[in-house]
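The block underneath contains the structure these notes are about, expressed in structure tokens.
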Number of protein chains: 2
Amino acid sequence: MKTSEKRADIMQAALELIAAQGFHRTPMAEIAGKAGVGAGTIYRYFESKDVLIKELYRGLEEKMRATILEGYPVERPLRERFLYLIRELLRYLITNPLHFRYMEQYFNSPYGISTHRERLLGKSGNQDILMDIFEQGIEQRVLKELPKAVLSSLAFGPLIFLLRDHILGLVILEDSLIKQTTEACWDAIKR
Amino acid sequence: MKTSEKRADIMQAALELIAAQGFHRTPMAEIAGKAGVGAGTIYRYFESKDVLIKELYRGLEEKMRATILEGYPVERPLRERFLYLIRELLRYLITNPLHFRYMEQYFNSPYGISTHRERLLGKSGNQDILMDIFEQGIEQRVLKELPKAVLSSLAFGPLIFLLRDHILGLVILEDSLIKQTTEACWDAIKR
DNA sequence: TGTTGAGGAATGAATGTTCATTCCTCAGGC
DNA sequence: GCCTGAGGAATGAACATTCATTCCTCAACA
């Protein structure tokens, strides 16, 4: 088995176990077992559990960002771009529930807070595009004149809550429901 | 010191420590220390850490429910009742940030999931009133015809996200912003 | 009123468990 | 025979929980 495969196996095992059990209910030994490597081997690829967790997160986020941005309609009007982004976000996370569970945990932990803070204050990432949309929308008087943190909450909050319910089987997000929901988010932020 | 005081001291210490550090970063010994009791004493009042955590949650929820429902305008129109509820929820949690931090953690843990499931499927609690509002709203054709889980996400998601940002100091929720935000939530669910 | 001692409450050191991380050993390629 | 990378047993720290012991309260009695 090649080095690169082993590394990927460890990350995949960590993703599956942590998504299901959470960070602190997932011992390194179990990750090693699932990845088919020795416990010590993980430390050849990752300095610590913390580093593994963070690197995994960055990988997932980057993959999501790339997927969503693939068909982003740069030239279309604001509303359409907004709806595209949150629809695709929803679709991506429905398709990849493990990613959602993992990222959710990451977000709800000390790890995620600094990331979030940076994002709202403006750094790299896919949410920046959202931030741009918000800024343009306010300027063009299409959106309500609210702080970006508020617009962001109005747009993302419902998505995350809904994904949670979808994964718990409390609601089934099929296409028509996705459409209605994303439009409701638009109603919340539009002027 | 009376028995009842000691019990309350333990709960208060647990609330403060867990809100700040999380469940698994808060050893029983630290709770005992902060409460000014011996480590073993906690077990005279609570069967286990789990029981302490659950009982604390139930207490907080009940207190919040009672506070919010105090001035609930039963007789007013749907929109007004909805705005009242989510405004007061926001206010309560802004006033009691420790309660928010604690409940948020509880919610994002295995503990909270069953509670949430029951709620959406209809059991006791303050959210039931929201559920009633949703049902009436759909019937009266005032609200969008969406599953309750979706309406609930549209109403609560933004609040929770915003509270998080408020507590992190990323936004300051003063009265006018609260008003605008709750009205934006209404825009999201109204037909 | 002062004394005593029984019963309940509180204590915190000791225990057992669960991990992250380290480190020694070894197999396989050169 | 050496070197690299892998393995997994060993280690030590962190914690929940237990339990033998101490402390406190107060009723009963002198």
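Each chain gets a letter, A, B and so on, in the order its sequence line appears, and its residues count up from 1.
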Q: May I ask you to evaluate whether B:K6 reaches the phosphate of C:dA9, defined as a side-chain N or O under 4.0 Å from OP1 or OP2?
A: no
Atom pairs under 3.5 Å, N or O on each side, protein against nucleotides 14-18 of chain D: can you list them with distances?
unit_1: D:dA16; atom_1: OP1; unit_2: B:K49; atom_2: NZ; d: 2.4
unit_1: D:dA16; atom_1: OP2; unit_2: B:M28; atom_2: N; d: 2.7
unit_1: D:dT17; atom_1: OP2; unit_2: B:Y43; atom_2: OH; d: 2.8
unit_1: D:dT17; atom_1: OP2; unit_2: B:K49; atom_2: N; d: 3.0

Q | Spacing between A:L52 atom CG and C:dC19 atom C1', to the nearest angstrom | A | 15 Å
**Q.** Atom-pair distance (CZ on B:R44; C1' on C:dG8), nearest Å
**A.** 7 Å
Q.
Once side chain to side chain donor-acceptor pair (under 3.5 Å) is applied, do any residues pair with B:K144, and if so which ones, sequence neighbours excluded?
A. A:D187
Q. Does D:dG5 have OP1 or OP2 sitting under 4.0 Å from an N or O in the side chain of A:Y45?
A. no
Q: Take the angle between the ring planes of B:F82 and B:F134 and call it parallel below 30°, perpendicular above 60°, tilted in between.
A: tilted
Q) Can you name the residues that form a side chain to side chain donor-acceptor pair (under 3.5 Å) with B:E135, not counting sequence neighbours? A) B:K148
Q.
Give me each pair satisfying side chain to side chain donor-acceptor pair (under 3.5 Å) with a member in residues 24-39 of chain A, each pair once, sequence neighbours excluded.
A. A:E16-A:K34, A:Q21-A:T26, A:Q21-A:E30, A:H24-B:H24
Below 3.5 Å, can you tabulate the donor-acceptor pairs from side chains in residues 170-177 of chain A to any protein atom, sequence neighbours excluded?
unit_1: A:E174; atom_1: OE1; unit_2: A:S176; atom_2: N; d: 3.4
unit_1: A:E174; atom_1: OE1; unit_2: A:S176; atom_2: OG; d: 3.0

Q | Integer-rounded Å distance: C:dA10 P and B:F46 CZ | A | 12 Å
Q: Could I get the full list of side chain to side chain donor-acceptor pair (under 3.5 Å) partners for B:R164, not counting sequence neighbours?
A: A:N108, B:E104
